Amino acid sequence: MVSFLDEIRKIEKKWQKKWQEDEIFIANVDSSKPKWFLTVSYPYATSPLHIGHARTYGLGDIFARFKRQKGYNVLWPMGFHITGTPVLAVSWKIKNNDEKEWEKMRGFISYYESTIERIDEVVSSFVEPENVANYFAEKIIQDFLGMGYSLDTTRQFTTGDPEYNKFIEWQYSILNNKNLIVQGDYPILWCVNDKNAVGEDDIQDGDELNVEVNEFVGIKFKLDNNIFLVAATLRPETIFGATNIWIHPKASYNEISIDGEIWIVSKEATMKLLEQNHEIKIKSELKGEELLDVYVEVPITGRKIPVYPAVFVDTNHATGVVYSVPGHAPYDCAAIVDLQKDEKTISKYNLNSENLKQIEPISLIEVKGYGEFPAVEICQKLGVKSQEDRDKLEEATQTIYKDEYYSGVMKSNTGDYVGLKVEEAKNKVADTLYEINLATPIYEPSTKAFCRCGGQIIVAVIQNQYFLNYGNPEWKEKAFKALNQMFITPDKYRLSFENTFDWLDKRPCVRRRGLGTEFPFTKGEGWIIESLSDSVIYMAYYTIIRLIKENKIQPEQLKPELFDYVFLSKGSIKEVSNSTGVSKQTLDLMKNEFEYWYPNDLRHTAVHHISNHLSFAIFHHAAVFPEKYWLPAYSLNEMLSRDGEAMSKSKPNVIPIAQVPNKYSVDLTRLHLASIATPETVLEWKEEEVNFALQRLRKFWEYALSVTNISLNEKVEYSFLSKVFIASVKANLSKANEAIERFSAREYILEGYYSNIRVIDEYHKFAEHLPEAEKKAALREIIEIMVVTMAPAIPHISEELNERMGNKDYISLKQIPDIEIDNKDILYALQAKYMTDLINDIDQIVKLVKTKPKKVHIYINADWKNDLYELAKNIFKDEAVQIGKIMASAKESDKLNKYIKEIADEAKLMLRDPTIFRIEMLNAKDQESAILGYREFISSRFENAEILIHLSDDKDIYDPQNKSQKSRPMKPALLLE
RNA sequence: GCGGGGAUUGCCGAGCGGUCAAAGGCGCUGGACUUAGGAUCCAGUCCUUAGUGGUUCGGGAGUUCGAAUCUCCCUCCCCGCACCA
């Protein structure tokens with residue numbers, strides 16, 4: 001067994017070398033052949049790929065190889081994505097001697113390098129970002145070729161190449177001309193230290209904290225003309241229940257002039273607001289206690305409420321000013337109770353205790369399961385003792401928020417909002433406050449978080465951020481039109497696309513960090529096109545990159561008019577040639593190449609790209625290209641898991657592609673990945689199950705080897721069993737071909753490969769008594785078709801067998817024949833099925849009676865039963881089965897009316913199982929010939945028992961137990977003696 | 001929360017209105033081959049039974065001559081949600 005694996009591993013390397021040497025997968029324009037252009041999304045070059053990726057790329061390769069063997073000129077190129085922050089992040093961490101990163105990279109590099117010195121040398125080189133990308137790009141291609149992928153490697157590029165940048169600039173100039181790029185303000189997470197946007201990777205424990213941007217409503221409580229205390233809240237609807245304002249007495253506050261007003265907010269809040277797109281000047285600093293016992297005006301209600309001290313106020317959260325709603329907010333409830341009995345504090349700050357004691361909760365929301373004051377109730381229930389009881393108060397706040405938000409209704413004291421659900425009232429109150437300019441949005445991270453550099457994370461508002469406006473109605477409509485024309489498999493994902501399209505709106509398309517193409521309209525300002533927005537029409541770039549490199553075209557020559565000419569047939573070749581210095585001949589070749597290959601016939605990727613990349617690609621194609629170049633088809637597959645956990649680069653459960661050829665075998669892995677589950681399920685990789693694929697592969701190999709030296713020139717007369725055998729294999733192969741045409745790789749392998757191995761097994765069993773020469777000839781005949789048909793899935797083994805069968809050509813380039821199924825084949829298949837069932841029945845009876853029969857009597861039904869079933873089939877195609885109808889029709893039939901008594905019994909049976917007459921039936925003659933064909937097999941199975949065939953309408957029939965009347969067209973009656 | 005997907009026989013995983021007691025694999029049981037086998041091969045694997053019949057496809061109701069497959073409700077699980085590629 002080990003030797004078999006060794007043997008095919010050797011074979012795999014042998015053929016990969018030959019394919020490379022003869023460059024058989026390099027694709028060139030050939031107008032005499034139809035073309036087929038496949039892309040699989042390019043990988044990100046910061047780590048080696050693992051076997052989960054091999055699922056996606058392996059499916060792509062099966063498609064590419066199938067189309068190639070169907071006579072298409074196939075282009076399947078590969079590039080690399082390096083845009084964004086990951087490459088820089090790796091480089092930065094290596095430079096800073098981040099121990100974890102070093103270990104991770106050493107692990108990765110050890111797949112490819114054998115000495116520690118060499119590994120460390122490679123890792124050290126990663127201080128240069130381009131070395132990271134280059135190293136992994138090279139290794140990934142090496143891994144891909146090691147998996148036997150039929151890639152055109154002459155069209156490689158990375159998204160960081162200056163030529164590519166020119167292409168993206170052109171794309172964005174078109175989008176801009178079509179007014180699809182808009183500007184607006186945009187809140188993002190921001191490090192105060194780096195003065196830069198941060199992503200999850202940059203945040204300490206970012207993956208666990210899951211920090212998001214929260215939008216608070218900063219409500220302005222008027223203190224004096226144009227002077228406001230600003231309290232930020234997530235629950236603006238509670239403004240009707242405000243009884244006072246809370247300030248931390250010991251904390252520092254600022255008086256600031258902001259957008260023409262004067263605000264009082266905490267010192268920390270001032271720093272945050274500075275980043276949120278306001279005109280701010282700090283006028284003075286004051287202590288919280290200086291503000292106590294003054295009165296401010298509540299917006300909308302106009303009531304005057306006092307400012308009181310509370311230590312639960314966190315000045316580093318939002319504005320450090322809180323308005324108090326003791327009826328519905330647990331913290332406020334606890335704090336007001338605390339303060340009312342806290343004589344010390346009252347006298348310390350000289351508060352008017354009369355007014356303070358008069359403060360009572362206001363009820364403004366009706367909630368099921370609660371009384372007047374939900375906050376008071378829940379504080380009592382949880383046993384909250386003071387405002388310092390933080391855990392309990394936090395829990396209480398969460399509970400109340402949820403209950404009130406989903407089932408609360410606004411009470412009669414809430415002005416225009418009476419009767420509204422809290423869910424709606426919340427937004428309406430906020431809108432009103434914004435409209436009357438008594439509120440401003442204030443942004444705050446959902447969780448307190450810090451950057452890896454140590455700086456605090458706040459929310460900054462980017463002014464005039466650039467967005468791609470996917471919400472543009474014309475664009476969206478066009479994109480939907482494109483989507484509706486597409487073939488998507490598995491089909492269930494179409495709905496996901498439709499939902500994504502509906503939901504897509506403005507999306508920021510530039511960033512300040514990471515690698516990529518500089519945004520062409522703000523050169524020098526450091527804006528880089530966002531990394532998902534620069535990889536949506538690059539399939540077109542594959543068609544011309546080889547010519548750009550071969551002709552040494554410089555980036556600066558790649559002016560927009562060149563792309564306009566090549567991709568959109570705009571402008572004159574003469575002018576374009578003049579302005580770019582690219583020869584007319586080269587321009588023509590580029591244009592020709594694009595027009596030959598485009599559109600991108602199939603794009604295959606992993607499912608998780610639906611909500612971004614794959615949807616964007618449809619939008620951008622619709623915006624940039626004429627309709628004939630839109631994307632025709634998507635094919636998708638889910639990811640892979642091991643031990644129930646998704647295989648991801650950072651986890652220890654990965655099997656790198658680099659180890660596949662030696663740990664398993666390439667063909668074995670390709671076969672297993674494509675056939676173990678349908679693409680829409682997360683595939684669980686189990687070692688024990690790989691073994692199954694290996695055994696079958698070996699079996700196929702051995703079957704094939706046993707007939708490689710058989711010559712097909714001598715005509716062998718096939719007996720019944722051999723004819724049935726060949727017909728069965730052909731039927732399966734035909735199904736396989738039909739499946740792969742729809743890109744159902746699993747069905748293709750199951751039908752074309754696994755089912756057929758089983759058919760061969762059965763043939764060997766049933767046909768043991770046939771002459772050796774006949775068996776070999778029949779096997780050879782089907783192996784030959786199987787090898788060529790299954791080559792897309794197991795190309796290496798197929799090449800080897802093809803060679804050993806005496807062929808000099810590449811099977812990878814050999815035409816897969818169309819399988820013609822004629823009536824004779826259909827009959828054979830039905831007869832085979834008939835006999836399998838019959839033999840099973842005999843086996844079952846033998847097992848039950850536990851004695852081996854000496855005689856097997858088989859009773860074939862009388863002809864009129866076939867007529868009856870045929871008749872029933874026609875009547876009840878799509879109406880309810882009724883005995884009366886059967887009887888009436890039978891009476892009218894010349895053939896049947898004489899058996900009317902028997903038919904009544906038979907009809908009762910039909911009624912019990914209405915599926916009976918939907919089955920394809922064999923007539924008596926075909927049943928008999930089938931039994932005769934298998935007679936020797938059945939006989940030998942039971943120590944040469946005698947096989948007797950009876951026709952049920954034979955007058956002299958031997959039928960002591962009256963079995964014959966039970967016989968039916970696909971189920972003969974049996975008597976064992 | 002919003003949006004989407006799913007629940008199949010010991011497990012994984014097909015099936016998606018009628019050859020469905022439900023492919024295939026794993027596991028388990030028996031047999032063969034073996035010095036041995038955690039290697040391989042063959043057979044069996046819901047209950048019952050001369051090839052039959054019965055009860056099954058998360059739970060409940062419905063549509064239909066007929067439902068694992070369609071509709072509705074319930075329970076539970078998974079995934080995406082914007083600067084992260």
Side-chain angles (χ1 to χ4, degrees), chain A residues 1-2 41 43-44 46 81-87 186 188-189 197-202 206-207 212-213 402 405-406 423 462 465 467 470 492-493 495-496 498-500 502-514 530-533 535 607-613 638-639 646 672 675-678 680-684 686-693 695-696 698-699 746-747 750-751 754-755 758 761 765 833 837-838 840-850 876 878-882 910-911 913-920 961 963 966 970-976:
Chain A
M1 194 205 85
V2 173
S41 48
Y44 207 93
T46 45
H81 200 199
I82 66 163
T83 313
T85 49
V87 170
Y186 191 68
I188 49 154
L189 295 174
V198 289
E200 191 180 282
D201 273 355
D202 308 302
D207 47 338
E212 289 168 51
V213 172
K402 268 206 183 121
Y405 186 79
Y406 296 112
E423 216 174 327
I462 307 291
Q465 165 79 304
F467 296 82
Y470 292 111
K492 73 170 196 178
Y493 293 120
L495 190 62
S496 311
E498 286 169 1
N499 289 319
T500 303
D502 281 335
W503 158 83
L504 272 173
D505 196 9
K506 295 188 185 69
R507 184 189 162 96
C509 61
V510 292
R511 287 185 211 162
R512 282 217 190 270
R513 323 179 316 131
E530 183 271 324
S531 61
L532 282 173
S533 305
S535 56
V607 167
H608 68 268
H609 290 128
I610 290 177
S611 65
N612 45 56
H613 167 81
E638 258 295 353
M639 297 312 295
H672 189 63
S675 65
I676 193 70
T678 45
E680 68 265 33
T681 51
V682 176
L683 192 158
E684 176 78 9
K686 291 183 180 167
E687 298 293 332
E688 319 85 66
E689 290 182 355
V690 184
N691 194 40
F692 158 77
Q695 297 319 322
R696 289 308 143 104
R698 190 177 64 145
K699 201 165 202 179
R746 179 177 203 266
E747 209 180 324
L750 254 39
E751 294 291 352
Y754 286 114
S755 296
R758 227 165 280 129
D761 283 344
K765 199 167 81 182
K833 155 84 177 139
D837 290 349
L838 176 58
N840 274 340
D841 280 351
I842 298 172
D843 281 352
Q844 220 173 113
I845 298 169
V846 168
K847 204 183 300 154
L848 286 168
V849 299
K850 292 189 182 94
F876 303 121
D878 29 43
E879 55 180 308
V881 180
Q882 287 170 32
M910 287 183 174
L911 214 60
D913 180 10
T915 61
I916 284 181
F917 53 80
R918 295 186 166 267
I919 302 167
E920 287 301 316
Q961 293 190 25
K963 295 277 186 191
K966 281 192 178 172
M970 276 307 271
K971 202 164 180 64
L974 291 167
L975 174 66
L976 309 194

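Computed from a prediction, not measured in an experiment: that's the story for all the values here. Proteins come first, then strands; the chains are lettered A, B, ... in the order of their sequence lines, and each starts at number 1.
Residue A:His613 is classed as having no contact, given no heavy-atom separation below 4.0 Å to the nucleic acid. Among the heavy atoms of the strands, none lies under 4.0 Å from A:Thr500. No contact: A:Ser535 has no heavy atom under 4.0 Å from any strand. Within the nucleic acid shown, A:Pro43 has no heavy atom closer than 4.0 Å to any nucleic acid atom. No contact: A:Asp502 has no heavy atom under 4.0 Å from any strand. Within 4.0 Å (heavy atoms only), A:Leu976 reaches at least one base atom of the nucleic acid. Base contact: A:Lys506 has a heavy atom under 4.0 Å from a base atom. Residue A:Lys492 is classed as a sugar-phosphate contact, given heavy-atom separations below 4.0 Å to backbone atoms only. Contact annotation for A:Ala693: no contact, since no heavy-atom pair falls under 4.0 Å across all strands.
Taking the P atoms as reference points, B:A85 lies 36 Å from B:G15, given to the whole Å. Taking atom C1' in both B:U48 and B:C42, the straight-line distance is 26 Å, to the nearest Å. Rounded to a whole angstrom, the distance from the P atom of B:G17 to that of B:G4 is 22 Å. One C1' atom belongs to B:A68, the other to B:A22, and the distance between them is 8 Å to the nearest Å. Rounded to a whole angstrom, the distance from the C1' atom of B:U34 to that of B:A39 is 10 Å. Using P as the reference atom, B:C78 and B:U29 are 33 Å apart when rounded to the nearest Å. Straight-line distance between the C1' atoms of B:G3 and B:A14: roughly 28 Å, to the nearest whole Å. When the P atom is used for both B:G30 and B:U75, the distance is 45 Å, rounded to whole Å.
Which of B:C83, B:A85, B:A50 sits closest to the side chain of A:Thr85 comes down to B:A85. For A:Lys699, the listed nucleotide lying nearest its side chain is B:C41; candidates were B:A50, B:G4, B:C41. The side chain of A:Asp761 sits closest to B:C42 out of B:A50, B:G3, B:C42. Residue A:Tyr186 places its side chain closer to B:C83 than to any other of B:C83, B:G13, B:G51.
Here the closest heavy-atom approach between residue A:Thr681 and residue A:Glu638 is recorded as O-CB, 3.3 Å. Listed here is the closest heavy atom pair of A:Ser675 and A:Leu750: O-CD1, 4.1 Å. Closest of all the heavy-atom pairs between A:Gln465 and A:Val510 is OE1-CG2, 3.3 Å. Considering all non-hydrogen atoms of both residues, A:Ser535 and A:Leu532 come closest at OG-O, 3.7 Å.
Checking B:G3 for Watson-Crick or G-U wobble geometry (two distances, each under 3.5 Å) identifies B:C79 as its partner. When both pairing distances are held under 3.5 Å, B:U19 makes no Watson-Crick or G-U pair with any nucleotide shown. Base pairing annotation: B:G38 forms no Watson-Crick or G-U wobble pair, as no partner gives both donor-acceptor distances under 3.5 Å. When Watson-Crick and G-U wobble pairs are counted only if both distances are under 3.5 Å, B:A14 pairs with no nucleotide at all.
At B:A85, one or more side-chain N or O atoms of A:Ser531 fall inside 4.0 Å of OP1 or OP2 (strictly under the cut-off). Here A:Lys971 reaches the OP1 or OP2 of B:U52: one of its side-chain N or O atoms lies under 4.0 Å away. Contact between the side-chain N/O atoms of A:Gln695 and the OP1/OP2 oxygens of B:U40 is found at a separation under 4.0 Å.
In this model, no donor atom of one side chain and acceptor atom of the other lie less than 3.5 Å apart for A:Asn840 and A:Gln844.
Two residues, A:Lys847 and A:His609, neighbour RNA chain B, and the one matched to the more 5' nucleotide by heavy-atom proximity is A:Lys847.
For the pair A:Ile188 and A:Val213, the minimum side-chain heavy-atom distance is 4.5 Å or more.
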Pick out the pairs of N or O atoms, protein on one side and nucleotides 23-32 of chain B on the other, that lie under 3.5 Å.
unit_1: B:A23; atom_1: N1; unit_2: A:Arg746; atom_2: NH2; d: 3.2

Hey, what are the protein-to-nucleotides 76-80 of chain B N/O distances that come in under 3.5 Å?
unit_1: B:G80; atom_1: O2'; unit_2: A:Ser611; atom_2: OG; d: 3.4

Which protein N or O atoms sit under 3.5 Å from an N or O of nucleotides 69-71 of chain B?
none

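Here A:Ile676 contributes atom CD1 and A:Arg746 contributes atom CZ; the two are 7.0 Å apart, rounded to the nearest 0.5 Å.
Using a 30° and 60° split on the angle between ring planes, A:Tyr754 and A:Phe692 fall in the parallel class, below 30°.
Heavy atoms from other residues, nucleotides or ligands lying under 6.0 Å from CD of A:Glu498 number more than 12.
No donor-acceptor pair under 3.5 Å is formed between the side chain of A:His81 and the backbone N or O of A:Ser41.
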